[in-house]
Amino acid sequence: MEIEKTEIEGCFVVTPKVFADERGQFFESFHHEKFKNATGLNVSFVQDNISVSTKNVIRGLHFQKGEFAQAKLVQTIKGKVLDVVVDIRKESPTFGKHLKFTLTEENRKQVFMPKGIAHGFVVLSDEAVFSYKCDAYYHPSSEAGIFYADEQLEIDWQIDMNDAIVSSKDQELPTLKSYFDAISIGDRG
Ligand SMILES: Cc1cn([C@H]2C[C@H](O)[C@@H](COP(=O)(O)OP(=O)(O)O[C@H]3O[C@H](C)C(=O)[C@H](O)[C@H]3O)O2)c(=O)[nH]c1=O
């Protein structure tokens, strides 16, 4: 397993060792002790998710708020996706910064993101099976998100945006600025 730090604190690129032979491949998709030794993080995943999407689907940018915030380890089981993480931790020196990673069934690369990251991806292959481990349970009332086409984030999704397939829920998400403006108004009561 190779683990690389990224420009966003707490985000890592994980590359499992793939054992290929005449039958195909084997790789450890997660190993608690190796991950802890490489990152110093004692993660405890409680939920695995899988989504299946067709080409040009954009899912995100999602996160869960408060005590149900989720750290995630994401990977592409089949196909090719462009994975996007956005740092939404107000106190972070990289607040508002995004990183993009091409995750494919060929490179087997994974991304670990800590709590406080908005996550999304776009499918670049005809179909993608996407899997991720979460360290907190799905909690619908804690769900939140940022608009994928937020002009201030300047995310290049690497597709013709006229072809993007996005849920109505995601199309109505606030921009990063609107999201935090609403919070500060709420804080003033
Ligand atoms: C996330 C989730 C959803 N659901 C149900 C709720 C909906 O009826 C249905 C589809 O949910 P949603 O449209 O939110 O699925 P995605 O758009 O793929 O959401 C995910 O996409 C981005 C990329 C993420 O990183 C998040 O983990 C996750 O929000 O599955 C569940 O039952 N459990 C869950 O953990």
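One-based numbering, in listed order, for ligands and for the atoms of each.
Of all protein heavy atoms, the one closest to atom 16 (P) of ligand 1 is Arg59 NH1, 3.6 Å. The nearest protein atom to atom 11 (O) of ligand 1, hydrogens excluded, is given as Lys169 NZ, 4.7 Å; this is a heavy-atom distance. In this structure, the protein non-hydrogen atom closest to atom 17 (O) of ligand 1 is His62 CE1, 3.2 Å. In this structure, the protein non-hydrogen atom closest to atom 5 (C) of ligand 1 is Tyr138 OH, 4.2 Å.
Distances below 4.0 Å separate heavy atoms of Asn49 from the following atoms of ligand 1: 35 (O). Remark: ligand 1 atoms within the under-4.0 Å shell around heavy atoms of His119 are 23 (C), 24 (C), 25 (O).
Less than 4.0 angstrom separates atom 8 (O) of ligand 1 from none of the non-hydrogen atoms of the protein. Protein heavy atoms are absent from the 4.0 Å sphere centred on atom 30 (O) of ligand 1. Distance check for atom 34 (C) of ligand 1: a protein heavy atom is found below 4.0 Å. Atom 24 (C) of ligand 1 lies below 4.0 Å from at least one non-hydrogen atom of the protein.
Separation of the Phe35 and Phe30 ring centroids falls under the 6.0 Å cut-off. For Phe95 and Phe180, the distance between ring centers is under 6.0 angstrom. Between Tyr179 and Phe63, the gap from one ring centroid to the other is short of 6.0 Å.
Counting heavy atoms closer than 4.0 Å to ligand 1, residue Val74 contributes nothing at all.
Nearest to atom 20 (C) of ligand 1 by heavy atom, out of Phe63, Phe130, Tyr132, is Tyr132. When Gln70, Gln47, Lys72 are checked for heavy-atom proximity to atom 26 (C) of ligand 1, Lys72 turns out nearest.
Tracing side-chain contacts under 4.5 Å through hydrophobic residues (I, L, V, M, F, W, Y), one reaches Phe130 starting from Val13; they form part of the same cluster.
A donor and an acceptor atom, one from each side chain of Asp135 and Ser44, are nowhere located under 3.5 Å apart. In this model, no donor atom of one side chain and acceptor atom of the other lie less than 3.5 Å apart for Arg108 and Thr15.
The existence of a salt bridge linking Glu127 and Lys78 is excluded, since no basic side-chain nitrogen approaches an acidic carboxylate oxygen closer than 4.0 Å. For the pair Asp48 and Lys133, the salt-bridge criterion is met [side-chain N within less than 4.0 Å of a carboxylate O]. Classification of Glu28 and Lys34 as a salt-bridged pair holds, one side-chain N sitting under 4.0 Å from a carboxylate O.
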